[in-house]
Structures are given as structure tokens and as C-alpha cells.
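So the structure is just underneath, and the comments pick up after that.
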Amino acid sequence: MSFRSIKGTKDLLPPDSYAWLHIENTVRDVLHSFRYFEIRTPVFESTQVFARGIGEETDIVGKEMYSFTDKGGTELTLRPEMTAPVMRAFMQHSMQAQQTLTKLYYIGPMFRQERPQAGRFRQFHQFGYESIGLESPYCDAEVIVISAEIYRRLGIPFELKINSIGDNETRTQYRARLQEYLKSVEDQLTEESKRRMHTNPLRVLDSKAPQDKEATEAAPSIQEFLFGNARIHFDTVLSVLDAMAIPYTVDSRLVRGLDYYSHTAFEFVSADLGAQDALGGGGRYDGLSEQLGGKPIPAVGFAAGMERLLMVLEKKGYAFPNAPLDLYIIGLEPESRKWAFETAVALRQAGLTVETDFAERSFKAQMRDANKQDAQYVIIVGEEEMKKQQTILKRMSDGDQKELAFGDVREKVPFIILGDNNQPANEENA
RNA sequence: GUGGGUGUAGCUCAGACCGGUUAGAGCACUGGGUUGUGGCCCCAGAGGUCGCGGGUUCAAAUCCCGUCACUCACCCCA
């Protein structure tokens, strides 16, 4: 085998894809119930959408983007995240003119050129959603409530960390004080943090280097700089979470990596993951539209990693069975196999899930296959049956079988099987 | 970019420290266990360039060097 999938990319194969489908369906169900609608944007954008939207100083833009120049000389980038593209599309299509609040969700692949490790890939998949158009703290709260609901339905335990980085005024004041503090401990900081101290001081707090953690232990908390609207906004969000009985911890060091955040920032983490323990995260990003060259548009959103959810589910040992197999039709010789093929197609049109054998396997092998695939019923057709123009219909759960005329199969079999499915477990009376 | 771990059958792994006749097991796969009835069990079969290249040796899956791949961790994030 000389070709392999590219480093950091992964093939999703059938047993895993059931779980994937389950997650997607759950995500869509919950979001539809909150009246969020799907948006699909191209997987690549002009590099500037990300460079300006996310911020030149971030790791994503600084060193993780899959960028290339196309044959026309245009600088393009495979999307590393979806918030900037969604905002770009929102602005491009003047969606604010159509309604006061626009609620969008997405599911799809993202790309970041990092060294892969557990829970981190170069092509990974996120679902996320954006609530665009209002400053209301209820939007922030709703965004958090939705993720909690999705995790709840999936059976994924989580911890919620939340913080507010306030409005522009908050950050201007806090930034100054923080820089002052950082200067006093500058010689204890890592090189990276010394540099960030000037470009993006808030992110020094986010550093996981023990050196930095120690040095910033006594740093002033942004929570003390939340006044007026910033304070009210955050308190309202928290009060909704309290009312919904969603547990959280306020973490004043949580600032999140991207430049566009303001006010609420939050992160869901899981104890069942490795070093990359973030299930998802989000926040308010009122400033993004302006960074993209438009008018101010308030917005708040969230994104979660599909692979990480899958990892947790795997670790929890949750199995997601394939769609059950209603019927397996066994054909024993050429004429019967042809009948089996045709009948299978007809019964599928009638709503059944049907399997037949193409390998011309022995009767026993086909029975074993039917059993292995967990078929509810088996139809057997051989020379004898062709002669008599009737089949044997066998129920696998108890071995009960009856004969059925060819002419009755298409009408009666769906009725028998689907009737059985609707009242499972307790037979006896049949 | 930096550091650690691992590469033997489709999958999970023994065998390696102490080189030695046809490289093993379980699962999965195929056939069969008296004519056409599944699960459990039993029998048989198929399936391997021991990651790749070089070296040492009478002899290398095993020792040495190189290389590639995968993987985990750091930075950071989903």
C-alpha cells in the first residue's frame, strides 16, 4: 500500500460513521428546535477573511493556516474556523436587513496545519452556531444552553468555564493595568509571553507554561474591571445559567485565543479527553464585523469539535448500532437468486431494509450472514420453492416460520415485519 | 518547530533482553460438521516483503546504523 491519507487527516469508516451520524442528527434536532438554520459556505476563503477577522497575532493566523495562491494569483486559505466566514456571508448578503436576529448553524471540516496528537487533526470537523444581530445577554445564554442541551442528549458529561472580557472600555483599562503588572514580573515570563505582553497581554493569562502561570498568579482579575453594562451583561448571563441549573465556574483567566471576542467567553471541557480537553467553546464577538470592514454587528457563537465528542463517546463505550436489518432473502440457485434480487428491491420500496447475498454462498453461510447482520426475518427460496411458487418466511428471534405464496410476498411481508417492529419484545400472542 | 513511544496476518498482540530448523495466538474471513435452517461448539482453509534500506554474522523479526510512517506530549486549540 503506497498511498496513505495525509498526516493529520482521517478516514471515517462504517462503525464510527454511525456515531458520527448520531451526533449530527442530535445537533440538528436541538438547533432546529431553537430555530437555528444551516449555513454552508465554501471551505476556502480569501486569506484576508481570516487574517483580519481572527487576528494576525493569533496562533491560527500566525502559523496554522493552510494558505495557497491559486492560478489567478489570489491568496486563499482553507478555513480554520467558521465564525469569520459566517460573518462574511452574513454581511455579503445583507442578512441583517431581513430580520433582527439571525440564527445560523453549520457542520463541516476545518483545517489547521499543526502537529497532530490525540484529539487534534489537520482536517477536523466542527459543528457550531452563531446568533447574529442583538446585544442581548439572552443570546449569550441561549448559545450556552444549546450546547449544554446537545451534550446532555448525547450523554456527554462536561464542565463549563465562563468569563467576561467586557466591552472595549473594560479591556482598555484592564489591558493597561495588566501590562503594568506583567512588566513587574517580566523577567519571570517565557519569551513568548514577553512578546505577547505588548501585542496581546490578555493571552499571557491563558498560557499553560508553569513559568507563566506562577508569574501571573497575582495578576489583577478582569472581573474587577467589569462596570456598568459590561457587569450587567455578564451577571444576566450567569443568572440565566443559574435559573437553568447549568453548573459553571467563573474563570477570570479564560480569555480564549481569538481577537474578535468581547463580553462573554466560555469553554466546555471534558475530563474524558487527553491533553486536548476542550469539547467546544465560544463567546461574543461584537467587533468582528468591523474588523471585516463593515458596520458594527453584535453577535455571539459557539463551535465544538466532532472528533472530540466521538472520543468521549468511544471512551464511555457507547455503541451506535446501524439501522436494523428487517429482512434477509436467501436465494439458493440462479433462478431463486434472481427472484431474491427483484423481491428485495420491491420490499425496499415498501419501506423495509433488506439484504441479499451476491457471493453465491452456501445456504449455511447465508444463514450465518443473516444472523451476523441481525436480520429480523429471513426469506428462503430454493428449487423447491420455485416449483411450488411459495417461500419460507422465518422469524429469527424464535425460529418460527411459515410458508407464503409468491404472489402474497410483496403485500404481506412488509405488513408482518413492520407490525412486529411496532410492538417489539412481547410476542407470545402472535 | 522540540521531546518521548511504537512499527510482526484485515484487527488486537505474542516472539526480541538470552540471534538458530516451515514466524505464532485470539478475533474477523471462507468451507465443512451427511441432502436446504442461524447463534454456542468442533474441524479445516486462506491470509505475513516481520515498515523500508544498509551493516555485523555460518545464520537476523531478534544485534548495530540510517530512513520513513504512526503515535503521545510541549506551544496552542476544536
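Reminder, nothing fancy here: chain letters follow the sequence lines and each chain counts from 1.
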Could you tell me whether A:Gln401 contacts a base, only the sugar-phosphate backbone, or nothing, with contacts defined as non-hydrogen atoms closer than 4.0 Å?
-> base
Interatomic distance at C1', B:U2 relative to B:C18, whole Å = 37 Å
Mutual orientation of the aromatic rings belonging to A:Phe158 and A:Phe268 [parallel < 30°, tilted 30-60°, perpendicular > 60°] = perpendicular
Separation of atom CG in A:Leu254 from atom C1' in B:C77, rounded to whole Å = 12 Å
Heavy atoms from other residues, nucleotides or ligands near CD of A:Glu335 exceed 12 (cutoff 6.0 Å) | no
Across the strands shown, which category fits A:Asp277 at heavy-atom distances under 4.0 angstrom: base, sugar-phosphate, nothing?
-> base
Base, sugar-phosphate alone, or nothing: which one does A:Glu81 contact when heavy atoms must sit under 4.0 Å apart?
-> nothing
What does A:Ile380 touch in the nucleic acid at a heavy-atom separation under 4.0 angstrom: a base, only the sugar-phosphate, or nothing?
-> base
Do other residues, nucleotides or ligands put more than 12 heavy atoms under 6.0 Å from the CZ atom of A:Arg361?
-> yes
Across every strand shown, the nucleotide meeting Watson-Crick or G-U wobble geometry with B:C75 (both distances under 3.5 Å) is none
Starting from P on B:C70, measure out to CZ on A:Arg120 and report it in whole angstrom.
-> 15 Å
If pairing means Watson-Crick or G-U wobble with both distances under 3.5 Å, then the partner of B:G39 is none
Is A:Leu279 touching bases, backbone alone, or none of the nucleic acid, heavy atoms closer than 4.0 Å?
-> sugar-phosphate
Just how far, in rounded Å, is C1' of B:U35 from CZ of A:Phe363?
-> 12 Å
Distance below 4.0 Å between A:Lys364 side-chain N/O and B:U30 OP1 or OP2 | no
Just call it for A:Arg361: base, sugar-phosphate, or nothing, with non-hydrogen atoms closer than 4.0 Å on any strand.
-> sugar-phosphate
On a whole-Å scale, what distance lies between the P atoms belonging to B:G33 and B:C17?
-> 46 Å
Span that lies between the P atom of B:U62 and that of B:G20, in whole angstrom = 11 Å
Nucleotide of B:G36, B:A78, B:C70 approaching A:Arg4 most closely (side-chain heavy atoms) = B:C70
Counting just side-chain N and O atoms, does A:Arg115 come under 4.0 Å of either OP1 or OP2 of B:C74?
-> no
Should the heavy atoms of other residues, nucleotides or ligands under 6.0 Å from CZ of A:Phe68 be counted, would the total exceed 12?
-> yes
Does the side chain of A:Tyr151 reach to within under 4.5 Å of the side chain of A:Val30, using non-hydrogen atoms?
-> no
Name the closest nucleotide to the A:Ala278 side chain, picking from B:G38, B:G31, B:A78.
-> B:A78
Write down the partner of B:C63 under the Watson-Crick or G-U wobble criteria, each distance required to be under 3.5 Å.
-> B:G55
Between A:Arg203 and B:C77, is there a side-chain N or O to OP1/OP2 distance below 4.0 Å?
-> yes
Integer angstrom distance from the C1' of B:G24 to that of B:G38 = 31 Å
Using a heavy-atom cut-off of under 4.0 Å over every strand shown, decide if A:Gly128 touches base, sugar-phosphate, or nothing.
-> nothing
If only side-chain N and O atoms of A:Ser362 are considered, is one of them under 4.0 Å from the OP1 or OP2 phosphate oxygen of B:G32?
-> yes
In whole Å, what is the span from the CG atom of A:Leu273 to the C1' atom of B:C76?
-> 16 Å
Below 3.5 Å, does any donor atom in the side chain of A:Glu385 face an acceptor in the base of B:G36, or the other way round?
-> yes
Considering just the side-chain nitrogens and oxygens of A:Gln376, establish if one lies under 4.0 Å of OP1 or OP2 belonging to B:G38.
-> no
So what does A:Lys394 touch, heavy atoms closer than 4.0 Å: a base, only the sugar-phosphate, or nothing?
-> base
Looking at every strand, decide which applies to A:Ala365 at a 4.0 Å heavy-atom threshold: base, sugar-phosphate, or nothing.
-> sugar-phosphate
Check each of A:Ile144, A:Thr264, A:Leu134, A:Val237 against A:Cys139 using the side chain to side chain contact (heavy atoms under 4.5 Å, CB included) test, and report the only one that passes.
-> A:Leu134
In terms of side-chain heavy atoms of A:Glu114, which of B:C75, B:A28, B:A78 is nearest?
-> B:A78
A:Arg196 side-chain proximity, nearest of B:C42, B:C76, B:U37 = B:C76
Compare the minimum distances between each of B:G39, B:G36, B:A73 and the side chain of A:Arg368, then state the nucleotide with the smallest one.
-> B:G39
Quick one: label A:Ala370 by what it contacts on the DNA or RNA (base, sugar-phosphate, nothing), any heavy atom closer than 4.0 Å.
-> nothing
Would you say a side-chain N or O of A:Lys7 is under 4.0 Å from OP1 or OP2 of B:A69?
-> no
More than 12 non-hydrogen atoms from neighbouring residues, nucleotides or ligands closer than 6.0 Å to CD on A:Gln179, yes or no?
-> yes
Identity of whatever pairs with B:C70 - Watson-Crick or G-U, under 3.5 angstrom | B:G5
Interatomic distance where NZ belongs to A:Lys63 and P belongs to B:C76 [whole Å] | 8 Å
Can you figure out which of B:C41, B:U30, B:C72 approaches the side chain of A:Gln117 most closely?
-> B:C72
Heavy atoms from other residues, nucleotides or ligands near CZ of A:Phe34 exceed 12 (cutoff 6.0 Å) = yes
With a 3.5 angstrom cut-off on both distances, give the Watson-Crick or G-U wobble partner of B:G45, or none if there isn't one.
-> B:C29
Tell me the partner of B:A14, counting only Watson-Crick (N1-N3 plus N6-O4 or O6-N4) or G-U wobble (N1-O2 and O6-N3) with both under 3.5 Å; none if nothing fits.
-> none
When all nucleic acid strands are considered with a 4.0 Å heavy-atom cut-off, which category describes A:Glu383: base, sugar-phosphate, or nothing?
-> base
